[in-house]
Amino acid sequence: MLKPVEHAQSTLSRRLLQLLRPLAMSSRTARGPGLHTFARQLFSYCCIERERLASVVSEMPRIGIVLSGEKEFWLGDAGQRFVAGDVFVLPAGTAFDAVNIPSETSGLYESLLVEVTQVPKWVQEMPGARPVAGFDLRVPLTSELVDALGHAAISLGGSDHAAALAEHRLAEVLILLRKIPVAQPLFAQSLAERAAWLVARAPAKRWTAEEIGRELGVGASTLRRKLVEAGTSLRGVQASARMQLAHEMLVRGAGNITDAADAAGYASRSHFARRFQAVYGASPAEVRLRQPS
């Protein structure tokens with residue numbers, strides 16, 4: 001039986017799929033497998049066989065919606081799975097491994113991708129949420145967001161003379177996403193946030209400021225200063241990434257609590273459990289017990 005929150009999300013997912021049905025039907029009847037363009041910022045992707053794509057990098061941030069089948073994103077050892085009706089945010093410039101899994105019912109994997117090429121200045125200047133630490137791409141749905149996404153996608157897929165309306169509809173989506181932590185990669189990312197995503201690709205690695213700076217195109221001293229200005233440090237960024245890895249392990253049932261503590265860099269299970277509880281609001285044992293046996 002679904003929990004109340006899960007039931008609400010499932011209901012909203014079905015509603016979103018219903019709103020997007022015209023676009024999904026167009027994709028199925030007029031297009032074959034592969035990436036297809038509906039409009040300048042709207043794309044669909046379809047495949048008929050399970051596939052794994054290595055090091056997928058988006059030049060621009062994207063909002064994605066799974067229409068059929070399932071999708072997995074992997075960043076190093078951390079991964080997330082999405083099913084039909086789920087919404088995700090794909091940051092720009094980060095290399096993910098992606099797995100596309102066709103539906104057993106339709107035989108298709110389908111997704112809709114909205115590319116965010118520009119954020120209106122007035123939306124960019126709105127107060128935003130604090131970005132999540134570590135790897136998380138899933139966007140929680142609300143009734144307002146479902147309606148805005150449905151209207152924006154249909155408008156973007158319309159004729160050229162509807163460009164002004166499409167721009168307005170997409171701005172409505174961005175306003176709602178501005179206060180959602182996982183959606184912050186759609187907006188300007190700080191150096192600290194970019195460093196956190198880089199570390200999340202290989203959380204077990206002992207990153208140095210010089211290595212991260214070289215990847216991001218800045219000097220080590222500049223990196224350290226920017227991290228301090230953001231209220232963190234290289235040590236803090238790495239600790240957050242490793243804790244996220246531990247959480248993912250427990251969520252997937254990929255190891256026991258000792259394995260998770262080791263992945264997070266803790267020799268003491270009790271110290272790990274206290275820190276885990278502070279970050280996620282639940283103990284490692286509680287998170288592990290939530291998973292199906």
Side-chain angles (χ1 to χ4, degrees), residues 3 5-6 9 72-82 86 88-89 91 94-97 99 129-140 180-185 189-213 215-216 220 223-224 226-293:
K3 298 178 181 178
V5 173
E6 295 172 338
Q9 289 293 298
E72 296 177 357
F73 280 113
W74 291 89
L75 188 64
D77 295 323
Q80 281 190 305
R81 173 172 286 204
F82 303 88
D86 282 347
F88 57 86
V89 163
T94 301
F96 295 95
D97 288 345
V99 181
R130 183 180 180 85
V132 294
F135 175 52
D136 190 5
L137 306 177
R138 187 184 308 280
V139 175
I180 296 179
V182 299
Q184 296 315 294
Q189 284 188 288
S190 69
L191 187 62
E193 291 161 2
R194 292 167 59 203
W197 275 102
L198 179 63
V199 170
R201 280 169 38 190
K205 178 178 176 178
R206 297 291 177 179
W207 290 92
T208 66
E210 288 74 18
E211 289 173 325
I212 295 176
E215 290 281 347
L216 300 180
L223 174 65
R224 293 191 185 96
K226 291 293 186 181
L227 291 177
V228 170
E229 290 174 357
T232 186
S233 64
L234 179 57
R235 181 177 180 180
V237 168
Q238 294 194 88
S240 294
R242 291 181 185 130
M243 187 62 73
Q244 179 70 23
L245 171 59
H247 182 264
E248 290 291 338
M249 289 177 63
L250 294 173
V251 166
R252 301 197 320 268
N256 56 35
I257 296 175
T258 298
D259 296 330
D262 289 342
Y266 285 80
S268 167
R269 275 186 51 163
S270 61
H271 290 169
F272 165 69
R274 285 196 293 272
R275 181 57 186 158
F276 190 97
Q277 177 87 36
V279 173
Y280 295 107
S283 70
E286 289 171 331
V287 170
R288 191 163 185 264
L289 285 173
R290 290 173 187 167
Q291 306 316 307
S293 58

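Quick caveat: nothing in here was measured; it's all calculated off a predicted structure.
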[X] versus [Y]: any side-chain heavy-atom pair under 4.5 Å?
{"X": "F82", "Y": "L137", "answer": "yes"}
{"X": "D136", "Y": "V182", "answer": "yes"}
{"X": "L234", "Y": "R224", "answer": "no"}

Minimum-distance pair of heavy atoms, taken over all atoms of [X] and [Y]:
{"X": "A195", "Y": "L223", "answer": "CB-CD1, 4.3 Å"}
{"X": "A220", "Y": "E210", "answer": "CB-OE2, 3.7 Å"}
{"X": "A263", "Y": "M249", "answer": "CB-SD, 3.5 Å"}
{"X": "A241", "Y": "V199", "answer": "CB-CG1, 3.6 Å"}
{"X": "L245", "Y": "A78", "answer": "CD1-N, 4.4 Å"}
{"X": "Y280", "Y": "M243", "answer": "OH-O, 3.6 Å"}

All pairs passing ring pair (Phe, Tyr, Trp, His ring centres under 6.0 Å) where residues 251-270 contributes a residue, at least two apart: Y266-F272
Between [atom1] on residue [X] and [atom2] on residue [Y], distance to nearest 0.5 Å:
{"X": "D86", "Y": "Q9", "atom1": "CG", "atom2": "CD", "value": "8.5 Å"}
{"X": "S268", "Y": "R275", "atom1": "OG", "atom2": "CZ", "value": "14.5 Å"}
{"X": "Q238", "Y": "R206", "atom1": "CD", "atom2": "CZ", "value": "7.0 Å"}
{"X": "N256", "Y": "D259", "atom1": "CG", "atom2": "CG", "value": "4.0 Å"}
{"X": "E286", "Y": "F276", "atom1": "CD", "atom2": "CZ", "value": "9.5 Å"}

Q277 side chain vs S283 backbone, donor-acceptor pair below 3.5 Å: yes
Partners passing ring pair (Phe, Tyr, Trp, His ring centres under 6.0 Å) against F73 (at least two apart in sequence or in another chain): F88, F96
Within 6.0 angstrom of R138 CZ, more than 12 heavy atoms from elsewhere: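 Yes, enclosed.
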